[in-house]
Amino acid sequence: MRRTSAVAVATIAATALTLTACGRGGSGSTASETGKNVGSGKATGTITVWAMGAEGDKLPTLAKEFEAANPGAKVNVTAIPWDAAYQKFTTAITAGTTPDAAMVGTTWMGEFAGNDALDPTPPSIDKSAFYDGAQKSTEVKGTSFGVPWYVETRLVYYRKDLAAKAGITTPPTDWAGLKAMAKAMQTKAGAKWGMGFQAGGQGSWQSIMPFAWSNGADLTKNGGKGYNFDSPQVLDAVKYYQSYFTDGISNKAAPATPTTEPDFVSGKVPMFISGPWEMSAVEKVGGAGFKDKYDVMQVPAKVKSSSFVGGSDLVVFKKSKQRDTAWKFIQWLSDPKTQVKWYQSSTDLPAVKSAWQDPAISADTKLATFGKQLETAQAPPSFPSWEQVIASFDTEMEKVTKQGADPAAALKTVQQQADSIGTGQ
Amino acid sequence: MATTTEVTPRGETGHTSPSPRRGGAGMRAVREGRAAWTLALPFCLLFLVFTAWPVLQSLFMSFTDTKSRDLRSPFSVNVVGFDNFTKAFADPVFRKAALNTAYFVLIGMPLTLGIALAAAVALDKGITRFRSAFRLGFYLPVITSIVAVAVVWRFLLQQDFGLINTVLGWVGIPGPNWLGDPNWAMPGLILMASWRNFGTAMIIFLAGLQGVPWVLHEAAAIDGAGAWQRFRHITLPMLRPTMLFVSVTTSIGYLQFFEEPFVMTSGGPLNSTISMSMYTYKQFGFGNYGYAASMSYIIFVVIAIVAAIQFRLLRDNT
């Protein structure tokens, strides 16, 4: 009995193997596509839009205004929790049950477009209205598949009061200046650690790459066809990053759960690199008046200051039956006036450059610094395999910061792994 | 379905009350067999569709280079033979994951079973008044959500103000950076896993202990055996079948070591806590379905081998 079932299993498996032995044809990827035009006139019909987190909760209110301007149209917003979103999208793409339009994370664009799920952006949308780095995040192999909705970038947060104590009144603009400032925070202002850099591990590329980009690094080579991690520009940045740990300015045994906000408020770690959401986070911990005790500055330059640009894009899926209405809704969300309204209800920073002229945003000096950084901030290459490749980068960087591994050897390993994984296109 | 014209009388419950009026024993066997198959059919169908088929499919997948985009066009994948398996054995991260899993099983499982047995013996013999309260207390971690447990333990293991290091500090031992130090992350996770899991084994040991005949202890005591000797020569041998069951189920659970590193460390620092299951999960997440499927079959084979060894070592020879 047992014997026969084993034979049966083997037979079925063997049949399956022979049946599918034909193999994958060409590369499976298509050349650059062009978006079709969107019809004129008012939008009609019902569309479903997926949005994550706070955006999913707040978008329905804004969508009501769109419905008021387009009486024949209805927008159904489905709120999705962030941690389930990636799974839900990949399942929907595989099963062909995608919504009409959706908000997607910028680093997912490559994979979704690579799966042939996204509709190319119609020519009626002016791509130059957006921040360049954000616009690049929608482009996969030269085709734009969506528009940037909101953006974020990373700046250096520092304690103004402690910097004054350390004898620094103007924020540094070059690498040596930043390191000297961090050191002075320890020696003159009593900080335990000068700079709160992440000691490798998941997501640490987001604080290392700003230095590589500020050094003029290009993470792709061969005309954007392959990864490029072992360039002298990246190596310089990693060496610089490592020196903070070897010189005792950053904590190589940083706790697994970061305590950024309390450490910043207490002055234990008076500098770190992060995005705009940290403003409300540190002010909440710091209490009244803390707003004036800290400031933000651009990532110091070696060649030119640059940083990481993140945020979310808006896309329309190929399977959508209401393609025109979906694009009209997205176009309406990209209007500078709508973008300012959206900032006021969600505090998401506008991806449309002209929206930053509005006094609601331009009056805040810290926000203005974010706006300035956004002009030069860059997105990582939109290869479908980015998430996988960068995981090995994060692991290697952990060896560099914690164990003092050789940066050149570490980057060589990353490059080898990136080459063997490929771009996924 | 029914080819026989004979209607089964209501209340007829098969073999319990054989009726001499109808057919012979052979006829009855056929009827009973048919009824059994009819009753088993729904399960068989569900099993085939939702268990057997996916198992076969993933087995097939493990011999292909299936990626996420191939799911919509399954006929475009390439059969690569044993490439995925050789790749896994050469993959430094998978090897590290296998070592970590072995570390977890070899240290964690005996620790868990030791604590469980000690707790069970104490509850079996010790104070009877609070027995159920203790039983509940020891079992509570098992039924608590692992995520809640992990979040609390992350605070307990915190280097500067965590409870564990604070207590160590009282006796003059400087506590390590539990989850941040590659050498201490694994002991930290094992500590947590043992605390969380020993309750299950304890309950089963308790049941086993209650099955040990009291007369044996009494006889041995009359012959002058001490408490330890009675435990060593009566309780332990009598617990052998229980021990087999508990060690097999615990080691299967520990070989599938996943939630603890997933919530507490996400495999870090420096891959020091990544497990085979977690690396498999990561590869699925990256869309490398073929590679991940081959890894899950490697885990399956390892579990089968470990269980076979335990059966051989602890089998009841009577």
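Please read all numbers here as calculations on a predicted model, not as lab measurements. Lettering of chains follows the sequences in order, A, B, ..., and the numbering in each one begins at 1.
- Residue A:Gln403 touches chain B through its side chain alone, counting heavy-atom pairs closer than 4.5 Å.
- Across all non-hydrogen atoms, the minimal contact from A:Thr395 to B:Leu270 is O-CD2, 4.1 Å.
- A:Glu261 CD: more than 12 foreign heavy atoms inside a 6.0 Å radius.
- Residue contact with chain A, scored on non-hydrogen atoms closer than 4.5 Å, is absent for B:Gln57.
- For residues 295-310 of chain B, every residue pair satisfying the side chain to side chain donor-acceptor pair (under 3.5 Å) rule, not counting sequence neighbours, is listed here: B:Ser58-B:Tyr297, B:Ser251-B:Gln310.
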### Task
For side chain to side chain contact (heavy atoms under 4.5 Å, CB included), just list the numbers for B:Lys282 and A:Gln388, CA-CA rounded to whole Å, side-chain angles, deciding distance to a tenth of an Å, and then say yes or no.
CA-CA 9 Å; B:Lys282 275 195 172 174; A:Gln388 185 178 356; over 6 Å; no
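- When all heavy atoms of A:Lys402 and B:Gly180 are compared, the closest pair comes out as NZ-O, 3.5 Å.
- Across all non-hydrogen atoms, the minimal contact from A:Gln202 to B:Ser266 is OE1-OG, 3.4 Å.
- Within 6.0 Å of NZ on A:Lys252 lie more than 12 heavy atoms contributed by other residues, nucleotides or ligands.
- The nearest pair of heavy atoms linking A:Tyr86 to B:Gly285 is OH-O, 3.6 Å.
- Annotation: ring pair (Phe, Tyr, Trp, His ring centres under 6.0 Å) contacts of B:Phe258 (sequence neighbours excluded): B:Phe262, B:Tyr281.
- At most 12 non-hydrogen atoms from other residues, nucleotides or ligands lie less than 6.0 angstrom from CH2 of B:Trp184.
- Using a 4.5 Å cut-off between heavy atoms, A:Ala391 touches chain B through its side chain atoms alone.
- In this structure, NZ in B:Lys67 is found 9.0 Å from OG in A:Ser385, a value given to the nearest 0.5 Å.
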